[in-house]
Undergrad: 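One structure is given below, represented as structure tokens, and several questions about it will come after.
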Amino acid sequence: MLEHLKTYFGFDRFLPLQEEIISRVLSKKDAMVLMPTGGGKSLCYQLPAVLFSGVTIVVSPLIALMKDQVDGLLAHGIAAGFINSSLTASQINRVQQMTRDGAFKILYVAPERLALPGFKDFLGSVDVSLFAIDEAHCISEWGHEFRPDYRNLRTLRQDFPTVPIVALTATATEQVRRDIVNQLGLGQAQVFISSFNRPNLNYAVQPKRKSFDQLLTLLNKHKNEPVIIYRFSRNSTEELVDDLAEEGFNALPYHAGLGPEVRRETQEKFIRDKVPIIVATIAFGMGIDKPDVRMVVHYDLPKTLEGYYQETGRAGRDGLPSDCVLFFSNQDRLKQEYFIRQILDQAERENAEKKLRQVIEFAELWNCRRKYLIEYLGEGWSETYC
């Protein structure tokens, strides 16, 4: 395996748990993988895909990033393709035919495809070696990013009983983990949980008073270094970009209201160091492979601790010291509570209220926030983490 790791991916050694997970997958057994952002989840299905005889189907919600991931694999000499709504019908037909002809080792697909009878027929016509479910927490209504399209995946086990499934996520509480296993029919899956501790990340909460001045101080500390600033709404991202421009900072907005091409170009400029600062809603960041983000700022209160952890996890993926700063104010709490009150479904509303209480408890802590995060995510605390 080490030889293939070096040949295809250029690595000399595995990260913690990778070798065990890959061995499990290669033995055609189900697995569930919890590994923090930057821990190397993708390799856990990409290396087996290279070694399997058929094609690995990767289900991913990251439509905007599929092309980037496929381009990265092609650069490593690994045949890969994708099918999502950005392609025309004729392009999709061509990709499907190439898959039938054995042209791909990895095929990325959006979850809504699984609801289409024609797509299920297509899957039945190819030699599928493995299903990899990325961002698997999206299947759980208790997760922080529940997506109804992910419920289409529940039929995979019955439709393809002999094909192994690996479910991967960076953040899932014990309740969400149980729900993922139940929804995907992974009762026999071995669960692999990597440590959630990121020792190089410094977590800080600052009162949201004169927050723009505080932000300028932080940005001057990280002058010309990659920074992501998360905001609550699309309008607020645009406004902050304008304010930063007046202070001489080169920043771009990123949110779902921008066209796909604009978002792709913005992401590309950030990854290639052509713009150092991205001001974004939570639409930005999933799957971003930029190792040297030196600071992540939550300018507004996040909705959940899982979301906060995942977003801060985009900092310091190269292992170097990086800052994670959250601005906290009572006004932000009231704003979140207002939107929660608009939720009609009682169970969903109560869950959102519970999640917000946990974020506020984290923000108001006087003791170790790292300990609170680690224990919240279901990992035992070790004094060596300090």
Side-chain angles (χ1 to χ4, degrees), residues 25 28-32 42 45-46 48-49 52-70 73 78-143 145-169 176 179-189 256 260 286-287 345 348:
V25 173
K28 299 215 162 193
K29 294 177 180 175
D30 297 338
M32 182 173 168
S42 299
Y45 61 80
Q46 289 175 349
F52 279 139
S53 59
V55 64
T56 290
I57 304 294
V58 182
V59 180
S60 169
L62 316 176
I63 288 176
L65 301 176
M66 283 185 192
K67 185 177 183 303
D68 290 349
Q69 294 181 351
V70 167
L73 288 165
I78 299 168
F82 65 87
I83 294 176
N84 60 42
S85 56
S86 72
L87 301 182
T88 64
S90 62
Q91 288 173 323
I92 289 172
N93 288 336
R94 181 172 175 272
V95 171
Q96 289 184 341
Q97 189 55 53
M98 290 176 69
T99 307
R100 290 189 193 97
D101 294 340
F104 298 126
K105 297 303 292 181
I106 300 179
L107 181 67
Y108 286 84
V109 301
E112 64 270 15
R113 293 278 138 193
L114 276 296
L116 305 176
F119 190 77
K120 286 192 175 182
D121 292 341
F122 156 70
L123 286 180
S125 71
V126 299
D127 177 18
V128 180
S129 292
L130 172 68
F131 286 106
I133 314 300
D134 206 5
E135 310 293 345
H137 59 273
C138 293
I139 201 172
S140 172
E141 62 183 303
W142 307 111
E145 290 176 309
F146 171 58
R147 303 192 183 205
D149 285 333
Y150 258 63
R151 288 294 165 91
N152 301 327
L153 308 181
R154 288 186 290 190
T155 61
L156 286 179
R157 173 51 77 228
Q158 61 195 54
D159 293 341
F160 300 90
T162 62
V163 178
I165 297 174
V166 57
L168 310 103
T169 179
V176 172
D179 202 21
I180 293 169
V181 167
N182 182 47
Q183 295 291 340
L184 292 174
L186 301 181
Q188 303 302 310
M286 292 176 72
D345 183 89
E348 187 183 344

Undergrad: A side-chain contact here means heavy atoms from C-beta on lying under 4.5 Å apart; do S53 and D127 qualify?
TA: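 Yes; the side chains approach each other to less than 4.5 Å.
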Undergrad: Partners of N152 by side-chain contact (heavy atoms from CB on, under 4.5 Å), sequence neighbours excluded?
TA: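 Residues passing side-chain contact (heavy atoms from CB on, under 4.5 Å) with N152: L114, A115, D149.
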Undergrad: Using the ring pair (Phe, Tyr, Trp, His ring centres under 6.0 Å) criterion, which residues pair with F131? Sequence neighbours excluded.
TA: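 Counting only residues at least two positions away or on another chain, F131 forms a ring pair (Phe, Tyr, Trp, His ring centres under 6.0 Å) with F160.
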Undergrad: Are L130 and Y45 side-chain neighbours, meaning at least one heavy-atom pair lies under 4.5 Å?
TA: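 Sidechains of Y45 and L130: in contact.
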Undergrad: Checking T99 now: which residues fulfil side-chain contact (heavy atoms from CB on, under 4.5 Å) with it, not counting sequence neighbours?
TA: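 Per chain and number, T99 pairs via side-chain contact (heavy atoms from CB on, under 4.5 Å) with V55, V95, F104, L107, F122, V126.
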Undergrad: Checking S85 now: which residues fulfil side chain to side chain donor-acceptor pair (under 3.5 Å) with it, not counting sequence neighbours?
TA: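 Per chain and number, S85 pairs via side chain to side chain donor-acceptor pair (under 3.5 Å) with no residue.
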Undergrad: Please test V163 against I57 for side-chain contact (heavy atoms from CB on, under 4.5 Å), starting from the C-alpha separation and ending with a verdict.
TA: CA-CA 11 Å; V163 178; I57 304 294; over 6 Å; no
Undergrad: Heavy atoms only: give me the nearest F146-S140 pair and the separation to one decimal.
TA: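 Heavy atoms of F146 and S140 come nearest at CB-O, 3.4 Å.
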Undergrad: Which residues satisfy the side-chain contact (heavy atoms from CB on, under 4.5 Å) test with Q183, sequence neighbours excluded?
TA: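 If we apply the side-chain contact (heavy atoms from CB on, under 4.5 Å) test to Q183, skipping adjacent residues, the hits are I139, R151, R154, D179.
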Undergrad: Give me the atom names and distance for the closest heavy-atom approach of Y108 to S60.
TA: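 Result for this residue pair: CD2-CB, 4.4 Å.
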Undergrad: Counting only heavy atoms from other residues, nucleotides and ligands, does the tally under 6.0 Å from CD of Q188 exceed 12?
TA: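 Count not over threshold, so no.
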Undergrad: List for me each residue that meets salt bridge (Lys or Arg N to Asp or Glu O under 4.0 Å) alongside K120, sequence neighbours excluded, and say none if there are none.
TA: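 Checked K120 against salt bridge (Lys or Arg N to Asp or Glu O under 4.0 Å); matches are D159.
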Undergrad: Quick one: list whatever passes side-chain contact (heavy atoms from CB on, under 4.5 Å) with T88, sequence neighbours left out.
TA: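 So T88 forms a side-chain contact (heavy atoms from CB on, under 4.5 Å) with S90, Q91.
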Undergrad: Return each pair, listed once, that meets salt bridge (charged side-chain N to carboxylate O under 4.0 Å, His left out) where at least one residue sits in residues 80-103; pairs must be two or more places apart or across chains.
TA: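 Matches after skipping sequence neighbours: none remain.
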Undergrad: Mind checking the CG-CD spacing from D121 to Q96? Nearest 0.5 Å is all I need.
TA: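 Nearest 0.5 Å value for the CG-CD distance: 10.0 Å.
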Undergrad: Who pairs with R157 by side chain to side chain donor-acceptor pair (under 3.5 Å), at least two apart in sequence or on another chain?
TA: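 Once residues adjacent in sequence are excluded, the partners of R157 under the side chain to side chain donor-acceptor pair (under 3.5 Å) criterion are D30.
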Undergrad: If I compare all heavy atoms of L186 with all of A167, which pair ends up nearest, and what's the gap?
TA: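 Heavy atoms of L186 and A167 come nearest at CD1-CB, 4.0 Å.
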